[in-house]
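One structure is given here, and the rest of the page talks about it.
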Amino acid sequence: MPPKRKAVRWLNPAGGYLEGYTHTLNPYTGCSFGCSYCYVRRMPVGLFRSEPWGSWVDVKPLDSAAFRKEWARESDKGLLSLFFGSATDPYQPAEAEHETTRRLLELMLERPPAFLLLQTRSALILRDTELLRAFGGKVRASITLETDDEAMRRHFTPSAPPLAARWRALRELREAGIPVQAAVSPLLPHTPGFAAKLASEAPRIVVDDFHRGDGSGGRRTAQLGIREEYRALDMEADYAPAAADRFYEQLRSYSGTNVHFSRSGFLP
């Protein structure tokens with residue numbers, strides 16, 4: 001007989017930085033976007049894998065009946081608030097083939113959660129626009145926009161989607177009536193016009209940095225050598241909490257801007 005497949009646990013209790021949620025959910029292990037500053041690189045899943053981070057993705061096998069059972073069991077305990085994509089991007093290229101994220105959303109709609117935050121930097125999320133509309137106000141699509149400078153995007157996240165596609169996703173989701181935010185997380189070097197563009201195009205903005213947003217007070221990011229990257233760009237002065245504080249205050253100066261900072265901005 002073939003070996004019995006190990007059951008997959010989808011709903012993991014949230015805590016720490018995400019303690020305002022009941023659970024996190026990640027449809028994949030690993031992430032082909034391989035961002036240089038990703039804190040998951042310093043977690044066991046990244047540290048104890050022989051292949052370089054960004055070069056591999058494991059697709060979790062989805063048994064619909066088993067997921068329904070797990071979802072019902074956790075829902076019976078109380079209202080669910082989920083952070084979808086805390087350790088991987090649910091719309092990375094593997095999703096185009098496997099559609100695990102899409103199927104999970106369909107299953108959730110059978111008994112919707114109290115709140116669902118869907119975190120991505122991929123315009124593939126637009127494929128599921130109608131599904132997200134079905135969640136009504138119980139969903140928030142969070143689109144990562146760490147900078148408006150494409151050269152900086154290529155330097156720090158060369159395998160991630162181009163910025164133009166992300167701006168388009170933000171705009172089209174907003175026009176479709178889906179609650180959406182721009183996640184400037186973490187803030188990267190940018191042009192002088194970045195704040196103004198965000199204020200005009202994003203109905204909600206959350207700003208974060210390397211020091212308060214990596215879940216370890218900046219220690220994981222320091223171990224990844226990001227300060228040295230800034231130094232090589234002659235921008236080490238921007239690798240400081242004060243840079244994000246100034247950017248946050250700049251956004252607040254625009255009338256009517258709905259802007260939040262770090263952990264509080266991601267909470268339900």
Side-chain angles (χ1 to χ4, degrees), residues 14 17-22 24-25 79-86 89-91 101 105 108 112-149 153 160-161 163-188 190-191 193-210 212-215 243-268:
Y17 189 83
L18 299 177
E19 64 183 358
Y21 290 87
T22 61
T24 61
L25 189 156
L79 297 175
L80 300 185
S81 295
L82 273 82
F83 194 108
F84 196 139
S86 62
D89 195 304
Y91 287 103
T101 294
L105 293 173
M108 288 182 204
F115 182 77
L116 172 67
L117 186 136
L118 194 56
Q119 182 66 53
T120 186
R121 64 190 65 221
S122 172
L124 182 57
I125 190 175
L126 293 171
R127 180 202 64 190
D128 293 339
T129 297
E130 290 308 310
L131 266 178
L132 298 179
R133 283 169 60 95
F135 282 90
K138 296 180 178 180
V139 70
R140 181 185 301 148
S142 184
I143 309 298
T144 302
L145 281 159
E146 322 98 305
T147 179
D148 65 335
D149 188 327
R153 194 279 303 170
L163 298 172
R166 305 189 213 177
W167 287 109
R168 177 172 63 87
L170 184 77
R171 181 179 65 254
E172 293 187 14
L173 289 171
R174 185 190 69 222
E175 292 172 350
I178 295 166
V180 66
Q181 74 177 14
V184 187
S185 177
L187 177 67
L188 295 178
H190 50 277
T191 76
F194 187 29
K197 185 173 183 179
L198 283 168
S200 66
E201 297 197 28
R204 190 179 194 277
I205 306 163
V206 57
V207 178
D208 212 345
D209 64 8
F210 297 114
R212 287 158 284 191
D214 74 349
D245 293 339
R246 287 193 300 268
F247 189 73
Y248 172 73
E249 292 301 329
Q250 185 181 2
L251 284 167
R252 291 186 64 195
S253 72
Y254 293 97
S255 178
T257 304
N258 183 8
V259 59
H260 305 265
F261 194 86
S262 198
R263 177 180 173 274
S264 64
F266 286 101
L267 295 182

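Residue indices begin at 1 and follow the sequence shown.
- Heavy atoms only, all atoms of each residue included: Leu187 and Ala244 are closest at CD2-CA, 3.8 Å.
- Residues Pro90 and Thr101 approach most closely at O-OG1, 2.7 Å, considering heavy atoms.
- Between the CG atom of Asp245 and the CZ atom of Arg212 there is a distance of 4.5 Å, given to the nearest 0.5 Å.
- Taking 4.5 Å as the limit, every side-chain heavy atom of Tyr254 sits out of range of all side-chain heavy atoms of Ile205.
- When atom types are taken as modelled, the side chain of Arg153 and the backbone of Ala160 share a donor-acceptor pair closer than 3.5 angstrom.
- The number of heavy-atom neighbours closer than 6.0 Å to CZ of Arg252, taken from other residues, nucleotides and ligands shown, is 12 or below.
- Side-chain N or O atoms of Thr24 include none that pairs as donor or acceptor with a backbone N or O of Ser86 at under 3.5 Å.
- The shortest distance between side-chain heavy atoms of Leu116 and Leu105 falls below 4.5 Å.
- Rounding to the nearest 0.5 Å gives a distance of 8.5 Å between CZ of Phe135 and CG of Leu118.
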- Message: Phe210 vs Leu188, test: side-chain contact (heavy atoms from CB on, under 4.5 Å). Steps then yes/no.
- Response: CA-CA 9 Å; Phe210 297 114; Leu188 295 178; 3.7 Å; yes
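- To the nearest 0.5 angstrom, Gln181 atom CD is 6.0 Å from Phe266 atom CZ.
- The closest side-chain heavy-atom distance from Val180 to Pro203 is below 4.5 Å.
- Thr144 contributes atom OG1, which lies 10.5 Å from atom CG of Asp208 (distance to the nearest 0.5 angstrom).
- In terms of heavy atoms, Leu79 sits closest to Ala114 at CB-CB, 3.9 Å.
- Between Phe115 and Tyr21, the ring-plane angle classifies as tilted under the 30° and 60° cut-offs.
- One distance of note links CD1 of Ile125 with OG1 of Thr120; it measures 6.0 Å at 0.5 Å rounding.
- Partners of Ser81 under the side chain to side chain donor-acceptor pair (under 3.5 Å) rule, at least two apart in sequence or in another chain, do not exist in this structure.
- Within the structure, every pair that satisfies the salt bridge (Lys or Arg N to Asp or Glu O under 4.0 Å) test and touches residues 133-148, not counting sequence neighbours, is listed here: Arg121-Glu146, Glu130-Arg133, Glu146-Arg166.
- The two residues Ala141 and Ile178 make their nearest non-hydrogen contact at CB-CG2, 4.4 Å.
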- Let me see the working for Glu249 and Arg246 under salt bridge (Lys or Arg N to Asp or Glu O under 4.0 Å), right down to the final yes or no. CA-CA 5 Å; Glu249 292 301 329; Arg246 287 193 300 268; over 6 Å; no
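- The line from CG of Leu25 to CG of Leu117 is 12.5 Å long, rounded to the nearest 0.5 Å.
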Give every donor-acceptor pair under 3.5 Å between a side-chain atom in residues 167-175 and any protein atom, sequence neighbours left out.
residue : atom : partner : partner atom : Å
Arg174  : NH1  : Glu201  : O            : 2.4

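- Counting all heavy atoms, side chain and backbone alike, Leu145 lies closest to Phe194 at O-CZ, 3.4 Å.
- Between Pro179 and Gly137, the closest heavy-atom pair is CG-CA, 4.4 Å.
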- Task: Would you please test His190 and Val184 for side-chain contact (heavy atoms from CB on, under 4.5 Å) and show each step?
- Result: CA-CA 11 Å; His190 50 277; Val184 187; over 6 Å; no
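- Put simply, the side chain of Ser122 gets close to the backbone of Leu124: a donor and an acceptor are under 3.5 Å apart.
- By the 30° and 60° cut-offs, the orientation of the rings of Tyr248 relative to Phe261 is perpendicular.
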